[in-house]
Protein chains: 2
Amino acid sequence: MRPSKRDELVQKALKIFYRRGFHATGMDKLVAETGISKTSMYKHFRTKEELILAALRLRDQQFRNWLTRRIEELAKAPEERLLAVFDALDEWFHQDDYASCMFIKAASEYQDQGHPIRATSAEHKRLLADYLHDLAGKAGAGDPDKLARQLLLLVEGAIVTAYLLGPDGVSGDARAAAAAIIDRSLANGCLPTK
Amino acid sequence: MRPSKRDELVQKALKIFYRRGFHATGMDKLVAETGISKTSMYKHFRTKEELILAALRLRDQQFRNWLTRRIEELAKAPEERLLAVFDALDEWFHQDDYASCMFIKAASEYQDQGHPIRATSAEHKRLLADYLHDLAGKAGAGDPDKLARQLLLLVEGAIVTAYLLGPDGVSGDARAAAAAIIDRSLANGCLPTK
DNA sequence: GACAAACTGTACCGTTCGGTACATATAAAA
DNA sequence: TTTTATATGTACCGAACGGTACAGTTTGTC
């Protein structure tokens, strides 16, 4: 069974929304760029918002899937994986179609508290934080909650900075900063571990 | 001389754009919410984009002004000011109308390379980085460039995370992470300074 | 080949978009 | 008081917005 027209639509819409933005992308533009008729679109999704939500759900799945897989390839030991996070991000930042994080942008355009698009974006970040927490725990962090939250700050900061000021060096800085806070968390400060 | 109608417009438009977004805010909405006639608006600004740019320039000025002033109030010694950055941010995050960074959101909506709105947003971040660099230098950091770039990551990460996951604790985490990387920069690692 | 499901093209709906035309009002400066 | 600059209200422009109606075409299945 070939990929359904529905999946094809979501996949293509995802790329277009990512590249052009949500409000700035009209349904007619989606018709023109996907080659899928508007009638079909509204057969699969009752509103533009539902299509956006489907695109965000797909993005969440694809992105976290890629990130975790890449990190597992790049490093084996948990402490090393905490740093490999930023090596994976570096690859992302240097893709020529890199344009920040889709969820940060979605939450920027749909700011109402409790709006499904904003809620979905927040959930994505929570899942990302959970993954970092998992890594931090396996690495033997003294306070994995805290370490994960601190690393998340570096991840988000790197994403935004790589977009606004360019990708070069950002991951390296984030990695170095991460090393500092990881050292603190694992060694409980500058005291020798024994 | 009273504040000109033009300044009043930019000030009010700034708040509305910040709260509702750029594409989502039509000129008619601005007329309704500011009480300023559309004719006047287009006498002062030839396009909506020019009005947005004026609002961003005002925001840049107001925000950096507030931030630096607040930091100078909160701490006197340069090393302490590097940490006070996050105390000031914490106050911002807990304002009930906090809605992330206007420039991150602007760059999210106007993604074209070289678009004036995106360029203005990038410039704001560059100026923020310059300020951090200045503080880092005065604090005697070994590599003020690097420290400033790392702190900027924490600042941006805190802004985004406070918006998406809520303000509580974010600044504390950022502050703790900042302390770790500042210690490294000032002491050149865990080695004693002498 | 028949049938149903899925997809397409086009025309259209009311609304809103950014932006303009124009005639009127207000208010300070001369 | 007349002038001049600046504000206003309203009506409007063509285009694009999200979304619908409907008739016709392709597609896989029995």
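Here is how names work: the chains are called A, B, and so on, in the same order as the sequence lines, proteins then strands, and each is numbered from 1.
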Q: Examine Arg64(B) relative to Tyr131(B) and say whether NZ or CZ is less than 6.0 Å from the centre of the six-membered ring and inside a 45° cone about the ring axis.
A: no

Q: Establish, for the pair Lys105(A) and Phe22(A), whether the NZ or CZ atom is under 6.0 angstrom from the six-membered ring centre and no further than 45 degrees off its axis.
A: no

Q) So which nucleotide from dG9(D), dG9(C), dG18(C) ends up closest to the side chain of Thr39(A)? A) dG9(C)

Q. Expressed in angstrom and rounded to an integer, what is the separation of Leu51(B) atom CG from dG18(C) atom P?
A. 11 Å

Q: Give the nucleotide from the list dT8(C), dG19(D), dG19(C) with an atom nearest to the side chain of Thr47(B).
A: dG19(C)

Q. Below 4.0 angstrom from OP1 or OP2 of dC7(C), is there any side-chain N or O of Lys5(A)?
A. no

Q: Take atom CD1 of Ile36(A) and atom P of dG9(C), then tell me their distance rounded to the nearest Å.
A: 11 Å

**Q.** Of the listed nucleotides dT8(C), dG18(C), dT20(D), the one nearest the side chain of Tyr42(B)
**A.** dG18(C)

Q. Ignoring hydrogens and angles, does a donor from either the side chain of Lys38(B) or the base of dG19(C) sit under 3.5 Å from an acceptor on the other?
A. yes

Q.
What residues from residues 10-30 of chain B pass a heavy-atom cutoff of under 4.0 Å to DNA chain D?
A. none

**Q.** Separation of dG9(C) C1' from Met41(A) CE (nearest whole Å)
**A.** 13 Å

**Q.** Separation of dT8(C) C1' from Leu9(A) CG (nearest whole Å)
**A.** 14 Å

Q) With sequence neighbours left out, which residue pairs that include part of residues 49-81 of chain B fulfil the ring-ring contact (aromatic ring centres under 6.0 Å, His included) condition? A) Phe63(B)-Trp92(B), Phe63(B)-His124(B)

Q. 5'-most contact on DNA chain C: Lys43(B) or Glu49(B), nearest heavy atom basis?
A. Glu49(B)

Q) Between CG of Leu153(A) and CZ of Arg175(B), what distance do you get to the nearest 0.5 Å? A) 14.5 Å

Q.
Which heavy atom of Gln111(B) sits nearest to which heavy atom of Phe17(A), and what is that distance?
A. NE2-O, 4.4 Å

Q | Protein-nucleotide distance (His44(B), atom NE2; dA5(D), atom C1'), rounded to Å | A | 11 Å

Q) Looking at Thr161(A), Asp90(A), Asp87(A), which one forms a side chain to side chain donor-acceptor pair (under 3.5 Å) with Ser171(A)? A) Asp90(A)

Q.
What's the closest nucleotide to the side chain of Ser40(B) if the choices are dC7(C), dG18(C), dA7(D)?
A. dA7(D)

Q: List in chain and number order the residues that pass ring pair (Phe, Tyr, Trp, His ring centres under 6.0 Å) with Tyr163(A), two or more places apart in sequence or in another chain; answer none if no residue qualifies.
A: none

**Q.** Length of the line joining Asp7(B):CG and dT6(D):P, which is rounded to integer Å
**A.** 14 Å

